[in-house]
Amino acid sequence: MPGSSQRKGAIRKKRGNPTAGSGGRVRRGLEGKGPTPKAVDRVKHPAHKRAKAAERAKEREQRTRRPARKDNDSTVEWVYGRNPVVEALRAGVPAAALHVAEGTERDARLREALLVAVETGVSVLEVSRTELDRVTSGGSHQGVALQIPPYEYAHPDDLLDRAHAAGEVPLIVALDGVTDPRNLGAITRSAAAFGAHGVVVPERRTASMSASAWKTSAGAAARIPVARAGNLNRALKSYKDAGLLVIGLDMDGAVDLPSFEAATEPIVLVIGSEGKGLARLVRENCDLIVSIPMTSATESLNAGIAAGVTLYEISRRRA
């Protein structure tokens, strides 16, 4: 057929030299992008933010949680002796178990210890005198010892969350160099009495929530959290970033306590040791240093007493 060969040649020529096309771009553009990501996977979605906040809270809990200690670990806290044991049980010190040596004479104090232990749900174990000698390192236990479990510290951020949850102006107490557990217990007691939202202690070179601190707090340690900070200065800076004033308490303060007008603001009250006062870096992180006016005959107050006086004044101004 005339012209058919020319058309075939044209077709062959066309196939051999294809014209420029879309290269599949149009087809790919028409394809779907897959299923819509879950809300928790979308960065700007509230569900994603809540999930991230929960992850951070879990990380904080893991950082502050201490591993369980075995009964034969030398770091386990023990209160021993009939009078100390009864006093600890009366004060509400959390106890893992009351250990009584076999054959111990049951006088009035021991009977009271057993009665309080049963009423508060504390396990009573009868052990050999040799075992009691071992766990108390040969101390004068008088046939009775109380095992205290490790204290569960909060995270410093938890104290601020506690204030916000209550809808109250934050008041947090931080300790710098307070090494006497009785002072820690007394300060914790005052903090609970005057409306503070918690106490912060550093991990090192400070008193811990031992049985002695628990007893001195008279049970207040069960009502108010004590947080442990890996670095006190870093914790103070974090509180400042959250809008709190860092107020140091020192005998050389620039403002006398009766003139402390910032008492109604969100505050972290930092209390130093009796001998050395506030450390240099801690002092530099303070927005203001407050002192308690005293007569010249008194050089300084015990840290626990000074904390109580100052917290009372803050509470009075906030009322």
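Each residue takes its place number in the sequence, starting with 1.
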Item to complete: Could you go through the side-chain contact (heavy atoms from CB on, under 4.5 Å) check for Val144 and His99 one step at a time?
Response: CA-CA 6 Å; Val144 62; His99 292 237; over 6 Å; no
Return yes if some donor-acceptor pair links the side-chain N/O of [X] with the main-chain N/O of [Y] below 3.5 Å, else return no.
X      : Y      : value
His197 : Leu171 : yes
Thr120 : Val116 : yes
Asn285 : Val282 : no

Minimum heavy-atom separation for [X] to [Y], with atom names?
X      : Y      : result
Val199 : Ala191 : CG2-CB, 3.9 Å
Ala196 : Val173 : CB-CG2, 4.2 Å
Ile187 : Gly304 : CG1-CA, 3.7 Å
Leu245 : Ala262 : CD1-CB, 4.0 Å
Leu98  : Ala113 : CD2-O, 3.9 Å
Pro170 : His164 : CG-NE2, 4.2 Å

Discussion item. For the CG atom of Leu249 and the CG atom of Leu175, what is their distance to the nearest 0.5 Å?
Written reply: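 These two atoms lie 11.0 Å from each other.
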Item to complete: Could you tell me whether the side chain of Ile292 reaches within less than 4.5 Å of the side chain of Leu301, counting heavy atoms only?
Response: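 A side-chain contact exists here, since the closest heavy-atom pair is under 4.5 Å.
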Fill in: Side chains of Thr216 and Pro181 in contact at under 4.5 Å (non-hydrogen atoms)
no
All side chain to side chain contact (heavy atoms under 4.5 Å, CB included) counterparts of [X], not counting sequence neighbours:
X      : value
Ser208 : Tyr153, Ser210, Arg228
Leu281 : Asn233, Glu284
Asp180 : Arg182, Asn183
Ala242 : Leu160, Leu244

Quick one: list whatever passes salt bridge (Lys or Arg N to Asp or Glu O under 4.0 Å) with [X], sequence neighbours left out.
X      : value
Glu131 : Arg134
Arg189 : none
Asp133 : none
Asp107 : Arg82

Can you list every salt bridge (charged side-chain N to carboxylate O under 4.0 Å, His left out) pair that touches [range], not counting sequence neighbours?
range            : result
residues 218-227 : none
residues 97-106  : none
residues 307-319 : Glu313-Arg316, Glu313-Arg317

Worksheet item: Is it true that Val309 and Val268 fall in one hydrophobic cluster, defined by side-chain heavy atoms closer than 4.5 Å?
Response: no
Discussion item. Is there a continuous path of hydrophobic side-chain contacts, each under 4.5 Å between heavy atoms, that joins Leu236 to Ile314?
Written reply: no
Discussion item. Check for me whether the distance between the ring centres of His141 and Trp78 falls short of 6.0 Å.
Written reply: no
Worksheet item: Cluster partners of Ile224, using ILVMFWY side-chain heavy atoms under 4.5 angstrom, listed by chain and number?
Response: none
Worksheet item: Considering the options Leu311, Thr310, Ile305, which one meets the side-chain contact (heavy atoms from CB on, under 4.5 Å) requirement together with Ser190?
Response: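 Only one option passes, and that is Leu311.
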Worksheet item: Without hydrogens or angle criteria, can the side chains of Ser273 and Asp176 be said to hold a donor-acceptor pair below 3.5 Å?
Response: no
Practice prompt. Please assess Asp256 against Ser291 for the test side-chain contact (heavy atoms from CB on, under 4.5 Å), listing each intermediate value before the final yes or no.
Written response: CA-CA 5 Å; Asp256 285 345; Ser291 62; 3.2 Å; yes
Worksheet item: So Leu159 and Val200, side-chain contact (heavy atoms from CB on, under 4.5 Å) or not? Walk me through it.
Response: CA-CA 9 Å; Leu159 310 188; Val200 180; 3.4 Å; yes
